[in-house]
Amino acid sequence: MTATVIPDFRMMNSGLEKWLFEKGFKEAAVRVLIRNQLWLTAASVLSAACFYWVGLWPVYYLVGVLLATYNFFSLAKFIQQVVHYRFTKRLLISLLVRVYGRLLLTGLVLALMIGWLKAPVAALLIGLSTVVATILFWGGSFIYEQTVKEA
């Protein structure tokens, strides 16, 4: 018997799904979105570690990815929890404080990166756009599954 070094992604996916469920992500579609974003973040960390010798561009890209993932994770978790509550003024205020608080934090980090550290804007934007790529991939796979089921 030989040991393989190729990871079993199905087992890793199920472990990640279980962890996300325990963290409060009860909707399967939301777990898939978050799981895919976390995989993309992990791949970005590895690529930034492999290409740090190129310069700081991969590191700035990684900062954008981490900001996007943090915001996406937090917002998805909060929205999923709130959707089951009756709409109240308190709920609206809580939503606005959380969203604008994260937006302020993200803005401050980006201003610090661009203004003080002179980070390339393209690297940060490409990192931030990974969430858009994750959503497009998820939506495309959903449409593909529906098309296959209908055929």
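For Val65 against Ser44, the heavy-atom pair with the smallest separation is CG2-OG, 3.8 Å. Across every non-hydrogen atom of Gly127 and Ala68, the tightest pair is O-CB, 4.1 Å. Residue Ala76 comes nearest to Ile34 through the heavy atom pair CB-CD1, 3.7 Å, listed as atom of the first residue, atom of the second, then distance. Nearest heavy atom pair, residue Leu124 against residue Tyr60, reads CD2-O, 3.3 Å. Across all non-hydrogen atoms, the minimal contact from Tyr61 to Ser47 is CE2-OG, 4.4 Å. Nearest heavy atom pair, residue Pro58 against residue Ala48, reads O-CB, 3.7 Å.
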Show the atom names and distances, to 0.1 Å, of all donor-acceptor pairs under 3.5 Å that link a side chain in residues 100-119 to residues at least two apart or in another chain.
| residue | atom | partner | partner atom | Å |
| --- | --- | --- | --- | --- |
| Thr106 | OG1 | Asn71 | ND2 | 2.8 |
| Thr106 | OG1 | Arg102 | O | 2.8 |
| Lys118 | NZ | Gly115 | O | 2.8 |

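Cluster note: Ile93 groups with Val97 through ILVMFWY side-chain heavy atoms spaced under 4.5 Å, whether in direct contact or through intervening members.
Trp39 is connected to Val131 through a chain of hydrophobic side-chain contacts under 4.5 Å among Ile, Leu, Val, Met, Phe, Trp and Tyr, so both are in one cluster. One hydrophobic cluster holds both Val32 and Phe73 under the rule that ILVMFWY side chains link at heavy-atom gaps under 4.5 Å. Both Val30 and Ile135 are assigned to one and the same hydrophobic cluster, defined by single-linkage of ILVMFWY side chains at heavy-atom distances under 4.5 Å. Residue Leu40 is not grouped with residue Trp138 when hydrophobic side chains (ILVMFWY) are merged at heavy-atom distances under 4.5 angstrom, including chains of intermediate members. Both Leu56 and Leu128 belong to a common hydrophobic cluster when Ile, Leu, Val, Met, Phe, Trp and Tyr are linked at side-chain heavy-atom distances under 4.5 angstrom.
Rounded to the nearest 0.5 angstrom, Leu62 CG and Phe51 CZ are separated by 13.5 Å. Separating the CZ atom in Phe25 from the CG atom in Leu16 is a distance of 10.5 Å, to the nearest 0.5 Å. The distance from the CG atom of Asn36 to the CZ atom of Phe72 is 9.0 Å, given to the nearest 0.5 Å. Note that CZ of Phe137 is 14.0 Å distant from OG1 of Thr130, once rounded to the nearest 0.5 Å.
The main-chain N or O of Gln80 is never found under 3.5 Å from a side-chain atom of Glu27 such that the two would form a donor-acceptor pair. At distances below 3.5 Å, at least one donor-acceptor pair connects side-chain atoms of Lys26 with backbone N or O atoms of Phe21. A donor-acceptor contact shorter than 3.5 Å links the side chain of Trp53 to the backbone of Cys50. Looking at Thr69, its side chain never comes within 3.5 Å of a backbone N or O of Leu66 through a donor-acceptor pair. Under a 3.5 Å cut-off, the side chain of Thr88 and the backbone N or O of Leu91 do form a donor-acceptor pair. Looking at Lys77, its side chain does come within 3.5 Å of a backbone N or O of Lys23 through a donor-acceptor pair.
Partners of Glu17 by salt bridge (Lys or Arg N to Asp or Glu O under 4.0 Å), not counting sequence neighbours, listed by chain and number: Arg31, Arg35.
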